[in-house]
2 protein chains.
Amino acid sequence: MTLTEENYLKAIFHLSTEKQDVSVLDLANSLEIKMPTVNSMVKKLAAKGLLIYEKYRPLSLTESGRLEAGVIIRKHRLVEMFLVEKMGFQWDEVHEIAEQIEHIDSSVFFDRINELLNHPKFDPHGSPIPDPEGRIASTEYLKLNDGQIGKEYIFTSVAISQSSFLKQINKHGLRLGDKLKIIEILSFDKSIVVSINGQSTENLSGMVAGNILVSE
Amino acid sequence: MTLTEENYLKAIFHLSTEKQDVSVLDLANSLEIKMPTVNSMVKKLAAKGLLIYEKYRPLSLTESGRLEAGVIIRKHRLVEMFLVEKMGFQWDEVHEIAEQIEHIDSSVFFDRINELLNHPKFDPHGSPIPDPEGRIASTEYLKLNDGQIGKEYIFTSVAISQSSFLKQINKHGLRLGDKLKIIEILSFDKSIVVSINGQSTENLSGMVAGNILVSE
DNA sequence: CTTTTTTGTTAGATAAATCTAACAAATTAA
DNA sequence: TTAATTTGTTAGATTTATCTAACAAAAAAG
Ligand SMILES: [Mn+2]
Ligand SMILES: [Mn+2]
Ligand SMILES: [Mn+2]
Ligand SMILES: [Mn+2]
């Protein structure tokens, strides 16, 4: 597989977890590539048996396509974990580097990272690391802004990797594993007031809360 | 610069250290790319001011081309050192991985490797690591088979990175820093008998000795 | 139910990096 | 010093991944 094909598969995979129907336009927007280019690339991926393509129908990965995507996501997340745990990077610095290193073709390299990290199950953003075959554990995370007032949740993962978002999470004093209790949802802008580990309280914008993933 | 351009520059750089005149054919052989392709690529690199090209004349890098090559070689060698020192790889396993990682575009990544290794000056094969601007220290290494009988040398570096060669060096029980005394040069096949640190003796073929670099 | 807007497709062009075939210059051998 | 060989160049084709322009289908709005 080429780097380009790997990026298409990964993008389709990620879009599928956000919305059940993935369109050519979604893919084009997510990859910042024009629709006709995407249209011809998905035909090519379909010819390789990695996705199902029928004119004017939503795209979907085949089992094989999902596993191929999973293998790349595994490499990405292992690298992110290595950068944080073994090389001293912050969680907001690693995504861009991992976007490149995930395409390195060397099983010994990623196997060694996996061993040095003691076979981690999650990356620094709380996302699950697929197994070596590309199978990914399904997670039952809830967006914080879908939570109920008065209930306490555990901050388990983040939905996006944008550095500016992760830095803002830092600013709010939030860390994975924190207990977040929803105190109040402000009617004016839908921002959410949470207590953090029963100690401080913070006001999180809807945009921030929508990318905070929690479990019960 | 594209990955392809980086590989051309690096190849020209390395060929220049082996022979003063680098031809289009040399480059084509070294990159395993056909001559007409190389011919048009060198014109392109010349247009970018990275090398001097005149029809039917040997190729040579400009100062700028040399520095660009040096920067890539720096990344390659830093990575090799990191793989050996921090990730537990053997010196015969790292070259192929470094060939890929050297193209990663992230100064923080390579800066961090450099810091974690305490600004190393040499890679695991004894090759000097260029400075961040791409300037490379000139080395005065001698090929072992150009040495004199009875003289003792220090095994300082290897001329090639092929895994099979490095494994054979291991088999001979040789390690960088060993003292090698040339006991005898066998007239039949030009193989060389050396004593290693005054302890054991080994017979090294001309092919092996030609890739062992020593200093006095 | 039309009309408008959005989404998707086709056709054809372009740039990068490669190739083969043909030919020309330079070098080496006879 | 001519002929043969090696090396280098030109011309033109191919593949991959991209684009724009034009058109067509589907979905949304009126
Ligand atoms: Mn990431
Ligand atoms: Mn991540
Ligand atoms: Mn190397
Ligand atoms: Mn090396």
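Basis for what follows: all heavy atoms, side chains included, without hydrogens, waters or symmetry-related copies. Order of the sequence lines sets the chain letters (A, B, ...), proteins ahead of strands, with each chain counted from 1. Just so it is clear, the structure is predicted and the values come from calculations on it, not from any experiment.
Side-chain proximity of B:Tyr8 to the nucleotides C:dT18, C:dT10, D:dT7 is greatest for C:dT18. Among D:dT9, C:dC19, D:dT20, the nucleotide with an atom closest to any side-chain atom of B:Ile33 is C:dC19. Comparing C:dA17, C:dT20, D:dA26 against the side chain of B:Thr2 picks out C:dA17 as the nearest. Counting only heavy atoms from C-beta on, B:Lys43 has its side chain closest to D:dT10 among C:dG8, C:dT18, D:dT10. Residue A:Val24 places its side chain closer to C:dG8 than to any other of C:dG8, C:dT10, D:dG8. Here the side chain of B:Met41 is nearest to one of C:dA11, C:dA17, C:dG8, namely C:dA17.
Here C:dA26 presents its C1' atom at 13 Å from CG of B:Leu25, a figure rounded to the nearest Å. Rounding to whole angstrom units, CZ of residue B:Arg57 and C1' of C:dA25 are separated by 13 Å. Atom P of nucleotide C:dT27 and atom CG of B:Asp21 are separated by 11 Å, given to the nearest angstrom. Atom OH of B:Tyr56 is separated from atom P of D:dT9 by 6 Å (rounded to the nearest Å). The distance from atom CD of B:Glu54 to atom C1' of C:dA26 is 16 Å, rounded to the nearest whole Å. Here the P atom of nucleotide D:dC19 and the CG atom of A:Leu31 are 10 Å apart, to the nearest Å. Computed from coordinates, the A:Asn7 CG to D:dT18 C1' distance equals 14 Å when rounded to whole Å. Rounded to an integer number of Å, the gap from NZ of B:Lys34 to P of D:dA11 is 21 Å.
Below 30°, between 30° and 60°, or above 60°: for B:His125 and B:Trp91 the angle between ring planes is below 30°, a parallel geometry. Between A:Phe82 and B:Phe82, the angle of the ring planes goes over 60°, which puts this pair in the perpendicular group of the 30/60° scheme.
Within the 4.0 Å cut-off from OP1 or OP2 of D:dT9, at least one side-chain nitrogen or oxygen of B:Tyr53 is found. The side chain of B:Lys44 places no N or O atom within less than 4.0 Å of a non-bridging phosphate oxygen (OP1 or OP2) of C:dA15. Side-chain nitrogen and oxygen atoms of B:Thr37 include none within less than 4.0 Å of the OP1 or OP2 phosphate oxygen of C:dA17. When the side-chain nitrogen and oxygen atoms of B:Lys55 are compared with OP1 and OP2 of D:dT10, one or more of them lie within a distance under 4.0 Å.
Using modelled atom types, one side-chain atom of B:Lys75 and one backbone atom of B:Ile104 make a donor-acceptor pair closer than 3.5 Å.
The line from NE2 of A:His14 to NZ of A:Lys10 is 6.5 Å long, rounded to the nearest 0.5 Å.
Heavy atoms of B:Ser40 sit under 4.0 angstrom from at least one base atom. In this structure, A:Thr4 reaches the sugar-phosphate backbone alone: every heavy-atom distance under 4.0 Å involves primed, P, OP1 or OP2 atoms, never a base.
Between A:Leu3 and B:Asn39, the residue anchored nearer the 5' end of DNA chain D, judged by the nucleotide with its closest heavy atom, is B:Asn39. Annotation: of the two residues near DNA chain D, B:Pro36 and A:Met35, the 5′-most nearest-nucleotide partner is B:Pro36.
With respect to the salt-bridge test (charged N to carboxylate O, under 4.0 angstrom), the residues A:Arg77 and A:Glu80 do not qualify.
If you check the side chains of B:Glu99 and B:His95, you find a donor sitting under 3.5 Å from an acceptor.
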